[in-house]
Amino acid sequence: MHSQSGPMGEFDLIERFFKTGSASNASNTTLSLGIGDDCALIKPLPGEEIAITSDMLVAGRHFFADADPEKLGGKALAVNLSDLAAMGAKPLGFTLAIALPEVDTKWLEAFSKGLFAFANQFSCPLIGGDTTAGPLTISITAFGSIPTGKAIRRSGAKIEDEIWVSGTVGDARLTLAALRHEITLSESDLKAIDHRMHQPTPRVGLGMALREVASAALDVSDGLLGDLKHILKQSQLDAEIILEQLPTSATLQKQSKAIQNQFAASGGDDYELCFTAPSSKRDVILNISKELKLPLTCIGRITCMKNSSTQIRIQGTDGKLLSDADTAALLRSFDHFAK
């Protein structure tokens, strides 16, 4: 970023780009005190507990340094709302800490516009934060509420539960491959899927609908099967996955079967929900899918743990289990510290 304005202090920056935008959510009844004091005050409804999540996005690691700032603003909040959705939480508010190389008013206007578009859509006001100079880094902490005891944890999966995933998976990875020139996509194909990488949709409504249905859940950020292993580890169970059942878009289906499988299984950045539920809840889940107009696909089942560590066994297109090497390739997920 390059400076496109005269000197602007921290508090001027906050007042111009962030405090004014947060005022559109001032009617939030759970917010006792917002921006302006040393702390914000959140007052949950009686019988509810607070869910808290934080995510950091770093230029060059999580997004391209020249990323569209409006889309980046929306995504920065969306990935946190996705965590709340995975627990079944209703958004209450969020804080933003951002380091900026320089004060670029045009960039900040676009960023705050995208940020507050999502904030308003999900009734999640900005309630505080911090700004400083430094490499472009965006850190958001989001707060949500859940009826006491109703949070959907990763540790609740049971033997013979079905494994489900929302929407489709793999398009964000396909978009990244196209932008990196690893794969050539037509302009129309890229346009059809690039929002999956730049503007993911947090499944907040689904998460809340699953409170009495799902036994365990998480959001898919680093890769579907790699993330599923977190549920298995917390629940001390194994899983069997049917590769052909992984839901993919028409655009991804134009690629080779190997790319379809790899991107769907381990691509990451999907921000769909993966959850487990007893088979007795299948009709309820299908009704939720119909009501939300959101595809929900059963991709496998939970099994007992056979060894000292959790395992995912994958059934290939021929109906046979994949080899250990092929399975390991599909279980690779994004590593935030990988070189």
Side-chain angles (χ1 to χ4, degrees), residues 55 57 61-63 75 79 82-83 86 154 157 163-183 185 193-194 196-198 200-201 203 216-235 237-276 295 297-303 309-318 320-339:
D55 266 299
L57 300 180
R61 168 57 77 178
H62 301 102
F63 60 90
K75 182 173 182 176
V79 300
S82 185
D83 283 333
R154 296 179 177 184
I163 303 168
W164 295 76
V165 67
S166 63
T168 59
V169 288
D171 281 344
R173 180 63 181 90
L174 182 58
T175 299
L176 180 61
L179 295 177
R180 286 177 170 173
H181 306 292
E182 299 168 352
I183 290 175
L185 292 182
I193 63 169
D194 68 354
R196 297 303 309 276
M197 175 179 170
H198 300 304
T201 301
R203 305 301 187 184
L218 48 60
D219 76 323
V220 179
S221 56
D222 298 329
L224 173 59
L225 298 190
D227 283 339
L228 173 61
K229 288 199 75 173
H230 297 310
I231 287 179
L232 302 182
K233 185 176 181 179
Q234 293 284 339
S235 300
L237 293 168
D238 288 356
E240 292 180 355
I241 296 296
I242 303 172
L243 196 56
E244 283 283 287
Q245 291 294 104
L246 301 189
T248 55
S249 70
T251 302
L252 182 53
Q253 289 170 20
K254 294 179 182 180
Q255 302 299 313
S256 70
K257 205 64 180 175
I259 289 176
Q260 289 182 50
N261 291 341
Q262 189 69 57
F263 287 6
S266 64
D269 240 18
D270 297 301
Y271 296 102
E272 297 293 348
L273 296 189
C274 176
F275 61 95
T276 62
T297 305
C298 181
I299 61 171
R301 68 187 183 97
I302 298 294
T303 62
S309 60
T310 59
Q311 290 185 318
I312 296 179
R313 287 172 287 279
I314 303 175
Q315 180 180 308
T317 55
D318 59 0
K320 298 179 181 179
L321 292 179
L322 299 187
S323 67
D324 290 345
D326 288 341
T327 297
L330 294 177
L331 293 179
R332 292 195 191 103
S333 56
F334 179 74
D335 184 343
H336 296 264
F337 290 93
K339 300 295 185 181

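Nearest approach of His230 to Leu218, heavy atoms of both residues: CB-CD2, 3.8 Å. For the pair Asp219 and Ser82, the tightest heavy-atom approach, listed with the atom from each and the gap, is OD2-OG, 2.9 Å. Closest heavy-atom contact between Leu243 and Gly316: CB-CA, 4.5 Å. The two residues Gly268 and Ala172 come nearest to each other via the heavy atoms O-CB, 3.7 Å. Residues Ser235 and Ala157 come closest through the heavy atom pair OG-N, 3.2 Å.
Atom CG of Asp318 sits in a crowded spot, with more than 12 heavy atoms from other residues, nucleotides or ligands closer than 6.0 Å.
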Does the side chain to side chain contact (heavy atoms under 4.5 Å, CB included) test come out yes or no for Gln262 and Leu330, once each step is laid out?
CA-CA 6 Å; Gln262 189 69 57; Leu330 294 177; 3.8 Å; yes
List the steps and the verdict of salt bridge (charged side-chain N to carboxylate O under 4.0 Å, His left out) for Asp55 and Lys75.
CA-CA 11 Å; Asp55 266 299; Lys75 182 173 182 176; over 6 Å; no
Take Leu179 and Met197 through the side chain to side chain contact (heavy atoms under 4.5 Å, CB included) test and state the conclusion after the steps.
CA-CA 11 Å; Leu179 295 177; Met197 175 179 170; 4.1 Å; yes
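The backbone N or O of Thr168 sits less than 3.5 Å from a side-chain atom of Arg196, completing a donor-acceptor pair. For the pair Asp238 (side chain) and Gln311 (backbone), a donor-acceptor distance under 3.5 Å is present. Asp270 contributes a side-chain N or O that, together with a main-chain N or O of Gly170, makes up a donor-acceptor pair within less than 3.5 Å. A distance-only check finds no donor-acceptor pair linking the side chain of Glu272 to the backbone of Val220 [under 3.5 Å]. Remark: the backbone N or O of Gln255 is paired with a side-chain donor or acceptor of Gln260 at under 3.5 angstrom. A donor-acceptor pair under 3.5 Å is absent between the side-chain atoms of Ser266 and the main chain of Gly223, judged by distance alone. Checking side-chain atoms of Asp227 against main-chain N and O of Ser221 turns up a donor-acceptor pair under 3.5 Å.
Ile242 is not listed as a side-chain neighbour of Cys298, based on a closest heavy-atom distance of 4.5 Å or more. Residues Val165 and Leu246 are not in side-chain contact: their nearest non-hydrogen atoms beyond the backbone lie 4.5 Å or more apart.
With 3.5 Å as the limit, one finds a donor-acceptor pair spanning the side chains of Thr303 and Arg313.
In this structure, Leu225 CG and Thr327 OG1 are separated by 9.5 Å, a value rounded to the nearest 0.5 Å. Here the CG-NE2 distance, from Asp269 to His198, works out to 9.5 Å after rounding to the nearest 0.5 Å. Atom OG1 of residue Thr175 and atom CG of residue Leu185 lie 7.5 Å apart, to the nearest 0.5 angstrom. Rounded to the nearest 0.5 angstrom, Glu182 CD and Leu176 CG are separated by 6.5 Å. The distance from atom CD1 of Ile312 to atom CG of Leu237, rounded to the nearest 0.5 Å, is 12.0 Å. Between Lys233 atom NZ and Ile231 atom CD1 the span is 14.0 Å, to the nearest 0.5 Å.
Among the candidates Leu174, Asp171, Val169, Thr248, the single residue satisfying the side chain to side chain contact (heavy atoms under 4.5 Å, CB included) test with Phe263 is Leu174.
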